Amino acid sequence: MKKLINDPQEVVDESVAGFGLAHADLVSINSDPLFVTRKERPAKPKVGLVSGGGSGHEPLHAGFVGLGMLDAAVPGPVFTSPTPDAIIPATQAADSGAGVVHIVKNYTGDVLNFETAAEMAAAEGIEIRTVLVNDDVAVEDSLYTAGRRGVAGTVLVEKIAGAAAERGDDLDAVAAVGQRVNDNVRTMGVALSACTVPHAGVPSFELADDEIEIGIGIHGEPGRHKIAMEPADGITDRLLEPILAELKLAAGDKVLLFVNGMGGTPLSELYIVYRHAVQVVEATGATVERNLVGNYITALEMQGCSISVLKLDAEMIELWDAPVNTPALRWGV
Amino acid sequence: MKKLINDPQEVVDESVAGFGLAHADLVSINSDPLFVTRKERPAKPKVGLVSGGGSGHEPLHAGFVGLGMLDAAVPGPVFTSPTPDAIIPATQAADSGAGVVHIVKNYTGDVLNFETAAEMAAAEGIEIRTVLVNDDVAVEDSLYTAGRRGVAGTVLVEKIAGAAAERGDDLDAVAAVGQRVNDNVRTMGVALSACTVPHAGVPSFELADDEIEIGIGIHGEPGRHKIAMEPADGITDRLLEPILAELKLAAGDKVLLFVNGMGGTPLSELYIVYRHAVQVVEATGATVERNLVGNYITALEMQGCSISVLKLDAEMIELWDAPVNTPALRWGV
Amino acid sequence: MAELNTLNNEWVLTWLRRSAEVVARHKSELSELDRLIGDGDHGENLDRGFSAVLAKLDAEPPATPGDALKLVAMTLMSKVGGAAGPLYGTAYLRAATAVGGTLELDAPLLAVMLTAARDGLVARGKAEPRDKTMVDAWTPAVDAAAASVAAGAHPTEVLAAAAAAAEQGAEDTIPLVAHKGRASYLGERSAGHKDPGAASSALLLRAAADTAAGYGAEEAQQ
Amino acid sequence: MAELNTLNNEWVLTWLRRSAEVVARHKSELSELDRLIGDGDHGENLDRGFSAVLAKLDAEPPATPGDALKLVAMTLMSKVGGAAGPLYGTAYLRAATAVGGTLELDAPLLAVMLTAARDGLVARGKAEPRDKTMVDAWTPAVDAAAASVAAGAHPTEVLAAAAAAAEQGAEDTIPLVAHKGRASYLGERSAGHKDPGAASSALLLRAAADTAAGYGAEEAQQ
Ligand SMILES: Nc1ncnc2c1ncn2[C@@H]1O[C@H](COP(=O)(O)OP(=O)(O)O)[C@@H](O)[C@H]1O
Ligand SMILES: Nc1ncnc2c1ncn2[C@@H]1O[C@H](COP(=O)(O)OP(=O)(O)O)[C@@H](O)[C@H]1O
Ligand SMILES: [Mg+2]
Ligand SMILES: [Mg+2]
Ligand SMILES: [Mg+2]
Ligand SMILES: [Mg+2]
């Protein structure tokens with residue numbers, strides 16, 4: 001394992017500290033317990049948005065703190081959800097009197113810790129809604145599992161719900177639009193290599209030189225099955241198949257197509273995937289109205305990508321286009 | 001070698017095609033010969049900015065085509081400079097009557113091909129200036145080498161010269177400010193792993209599990225020497241040492257600090273490097289006024305980073321802050 | 001100690017210290033189990049929690065078993081994170097509630113305490129038996145403890161029975177397909193590996209039994 | 001052919017086809033040399049260029065040696081890229097200029113042609129002898145050709161002398177430290193490897209000599 005780190009135990013603290021220095025115009029860092037908030041508190045009360053989870057997915061979540069997106073982010077240790085003692089003060093910091101929405105990726109650890117924190121914050125008088133993101137179609141049978149994982153769709157939920165909060169929607173409305181995004185987005189991922197958690201020091205799973213792992217999550221956990229390496233177009237077909245089977249797109253539908261890098265794959269390859277994905281999606285008669293291509297929710301240095309398709313409605317498009325000013329996503333300002 | 005590609009020979013064409021689809025609001029693709037231009041031609045004549053070079057450094061250069069930065073980019077094959085037959089029409093497309101600045105990274109191939117193209121474009125009546133970027137302090141002895149390489153400083157030259165062109169500076173002024181940026185920026189890089197050129201299929205150099213390569217360029221060429229793996233802070237010290245030795249910063253100096261990822265290193269690690277780099281740079285008495293942290297000029301999936309320090313003057317700060325709207329860099333719009 | 005009818009606060013404190021020591025010693029092993037069917041952090045997570053427990057015990061040792069268990073609950077809840085943090089946190093919290101202010105824990109109360117802990121786990125995590133989670137160590141442990149109490153056993157024997165059953169329960173998770181937690185994403189591929197949470201649960205219960213039996217008590221107290 | 005006093009357009013066309021075939025055959029070898037001290041694309045680059053040359057020769061074979069060499073120059077210039085594209089492009093362009101409209105190339109003109117090519121390389125790339133570049137294959141080749149002409153040799157002998165000298169020159173780059181091109185960034189570490197451009201130059205000159213000597217002419221024409 002070779003990484004640009006010092007003490008493996010200090011990875012998250014040092015990285016967030018560097019992040020805070022680089023984006024001091026946008027964010028503030030609270031170091032103990034660790035959470036990130038917007039630099040400026042809102043002039044008038046607005047719904048606060050808080051997300052968080054294990055670290056190792058950068059720029060998620062701290063990179064999305066700022067105007068039009070999150071009010072606070074809570075980074076846990078690498079791939080380990082944060083604890084209530086950090087989520088609670090982050091929630092308090094994000095509350096300007098209009099309540100707070102927790103955006104939680106559906107992993108047992110995240111769910112349990114956010115649940116505990118939400119109970120305790122509610123006990124202190126903050127109104128909380130939770131949007132549970134579970135867009136990962138790789139998890140087929142949610143009756144027999146912890147349910148679908150929350151993966152790349154999270155970024156879209158944070159952007160669109162964030163824009164709703166920014167324009168002044170109330171707590172239930174912000175949660176509702178976040179939920180609507182989640183209900184309309186499906187994601188599937190592939191890994192060409194594993195990643196190595198700093199304190200573990202060994203790769204999270206083994207892959208032969210001619211194998212890839214289909215249906216991975218974002219925590220270096222193995223996927224549903226291994227297959228032999230294939231050309232990018234074939235992999236793209238495989239990822240889109242279960243997504244399209246669920247979304248049942250038809251002529252006239254508008255979608256946002258999101259090709260997300262897992263951290264170790266060059267941007268050029270993501271565009272190769274995007275190119276074919278557009279062809280496949282548009283063959284259903286739908287049109288790709290918006291897109292996002294890049295490393296937005298990663299698994300350390302894993303090589304691979306995920307594809308997400310979000311079925312858009314007019315309001316989602318408007319909220320997607322609304323100004324955003326965060327370290328990792330910025331337009332309109 | 002596992003990559004999200006189809007035919008290795010089609011990597012650049014397919015990737016640029018996907019890029020064009022994803023950013024159709026900002027850029028147009030000319031596919032044969034291959035070059036990328038801004039979607040909209042300027043309303044009134046302005047100095048055109050053209051850059052290019054081998055592919056594999058994405059988002060450079062095509063990702064920087066747009067308002068406030070480049071007018072055209074010419075992607076060559078992976079790590080191989082493009083040829084005059086593509087550079088010439090890109091130059092013509094970028095010319096709106098006020099002349100064109102070529103921003104060329106100092107590699108023999110780029111220099112010779114851009115030189116030939118510039119001669120031929122000049123013969124067709126376009127006024128050309130060339131800014132040769134050579135910021136890489138890893139190349140110690142330019143008397144006995146092809147001279148310092150052009151690396152991450154290129155992004156800063158493109159941004160600042162691009163802003164000068166956008167505000168209406170004339171050809172000589174745009175070239176002059178680009179040259180001034182080059183003269184005041186120094187860069188040094190490190191690789192933790194090599195990268196694999198698609199058609200080669202084998203890594204560009206060998207590194208043992210406990211070795212890193214100091215003073216690398218951006219083409220997967222080996223660096224000046226290998227050393228044993230070290231903590232991030234030690235590596236950061238090593239990269240900054242020759243940079244600071246040359247820049248001779250003093251109290252009151254203002255700098256832009258740029259930590260650039262080589263493609264395969266997670267953002268979180270770049271922030272760890274950034275954190276310590278700020279400490280080291282500010283220990284000279286200078287202040288870090290602006291920064292950039294991320295994957296902007298890469299070497300495929302190489303793991304590692306480069307650090308650049310640009311000594312700023314007031315005009316450079318103003319031009320850095322000016323609006324930019326490109327696929328890879330965007331603010332103020 | 002083996003002949004005592006009750007266990008006291010000193011037993012609890014020694015148990016907790018021994019737990020911290022055992023977790024530290026088995027950290028890599030637990031993380032390796034988790035790497036195979038999860039995300040490889042279970043040992044690291046628990047060790048972070050129990051190191052913090054140890055620091056707090058050193059700073060100000062709680063005066064009653066209930067306070068000690070509550071301290072563990074709050075510390076694990078705020079330091080462990082992941083799935084295991086809230087689950088163990090809830091278990092120790094329910095255990096603390098079950099013992100209340102009692103200073104001397106007799107055999108029936110120990111069984112009640114273990115049952116409360118298990119019920120807390122289930123309430124929080126909604127896992128059923130054979131879902132391949134820590135519940136599969138706790139449920140046989142609780143059953144064995146109850147049977148042992150019914151047979152009139154001493155506290156030390158009750159804990160020994162619980163520990164042995166937990167160890168067996170953890171072994172028995174090997175062939176199971178996970179239906180909860182991260183391992184469930186692997187589907188059939190989760191079979192063939194021991195559940196890390198069940199393994200750590202067995203270690204913690206074994207630490208309780210060993211402490212009661214007085215094995216290596218001096219080392220653990222160092 | 002070995003006894004002829006001049007070489008004609010057919011020789012040029014056959015040489016160029018053979019060049020394409022030789023480059024294709026040695027593509028990986030050239031790229032591997034380049035991987036060791038450069039960026040691993042030299043074989044790929046040249047092959048892309050000479051494949052395009054072949055396609056153009058097939059489409060419309062030029063009528064004179066000068067036109068053929070010019071076609072190569074323009075094609076390499078626009079297809080090869082990298083350092084080698086403009087360098088070889090300039091070399092073939094100067095060679096074309098040197099032969100002008102001549103249809104039959106005698107020994108002195110061949111030496112002049114090779115000299116012009118080498119001078120073009122040097123003018124464009126500014127490399128000096130022993131900088132570890134293709135110039136280190138061309139300069140001995142040019143010298144050998146001149147000596148051979150002075151000794152009254154036939155064209156075939158002149159080319160054979162040039163090819164042998166280029167091969168030796170390429171070998172002799174092995175101990176050199178590069179001062180030009182990408183390899184120069186390696187400093188002392190560039191010593192111990194053959195320069196890829198010198199190696200490809202030797203192959204191209206050997207193809208010229210072999211074509212003149214008639215070796216394997218049928219295969220090359222297939
Ligand atoms: N719903 C659940 N109920 C009970 N135990 C669970 C549940 N989900 C996970 N676990 C336990 O948690 C363990 C994993 O803990 P840990 O690795 O610390 O957290 P994470 O999975 O968040 O990384 C599993 O081995 C399993 O025993
Ligand atoms: N300035 C120069 N003069 C002459 N030959 C050069 C010069 N620079 C590089 N070369 C030659 O070019 C060869 C490399 O070509 P190639 O690999 O195709 O281009 P690049 O280095 O751009 O990848 C070197 O082996 C060397 O022989
Ligand atoms: Mg975890
Ligand atoms: Mg090259
Ligand atoms: Mg785990
Ligand atoms: Mg090369």
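Everything numeric here is computed off the predicted structure, so don't read it as measured data. We name chains A, B, ... by the order of the sequence lines, and we start the count at 1 in each one.
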Exercise for review: Decide side-chain contact (heavy atoms from CB on, under 4.5 Å) for A/Val293 and B/Phe19; before the verdict, give the C-alpha distance in whole Å, the side-chain angles of both, and the deciding distance to 0.1 Å.
Suggested key: CA-CA 9 Å; A/Val293 182; B/Phe19 169 83; over 6 Å; no
Please look at [X] and chain B and tell me whether the side chain, the backbone, both or neither of the residue comes under 4.5 angstrom of a heavy atom of that chain.
X	answer
A/Asp233	both
A/Thr298	neither
A/Val333	backbone
A/Val11	both

Point to revise | Which of A/Glu211, A/His57, A/Met1 touches chain B most, by non-hydrogen pairs under 4.5 Å | key: A/Glu211
Practice item. Heavy-atom pairs under 4.5 Å with chain B are the metric here; pick the option from A/Gln303, A/Lys3, A/Met229, A/Glu301 that has the most. Key: A/Lys3
Has the side chain of [X] got a donor or acceptor atom that lies under 3.5 Å from a matching backbone atom of [Y]?
X	Y	answer
B/Thr80	B/Pro77	no
B/Asn260	B/Ser306	no
B/Asn291	A/Ala22	yes
B/Trp320	B/Leu256	no

Point to revise | B/Asn6 portion near chain A, given a 4.5 angstrom heavy-atom threshold | key: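 Answer is both: backbone and side chain atoms of B/Asn6 are under 4.5 Å from chain A.
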**Study point:** B/Ile235, part contacting chain A, at a heavy-atom distance under 4.5 Å
**Key:** side chain
Using a 4.5 angstrom heavy-atom cutoff, name the option from [options] with the most pairs to chain A.
options	result
B/Ser268, B/Gly263, B/Pro231	B/Ser268
B/Val273, B/Asp209, B/Asn295	B/Asp209
B/His23, B/Glu230, B/Arg290, B/Glu10	B/His23
B/Gly332, B/Ala17, B/Gly20, B/Cys305	B/Gly332

Practice item. With sequence neighbours excluded, tell me which residues meet side chain to side chain contact (heavy atoms under 4.5 Å, CB included) with A/Ala191. Key: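 Side chain to side chain contact (heavy atoms under 4.5 Å, CB included) check on A/Ala191 returns A/Phe205, A/Glu213, A/Ile216, A/Met302.
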Review point. Taking C-beta and beyond as the side chain, do B/Val309 and B/Leu240 meet within less than 4.5 Å on heavy atoms?
Key: yes
Review point. What distance do A/Leu156 atom CG and A/Leu292 atom CG have between them, rounded to the nearest 0.5 Å?
Key: 7.0 Å
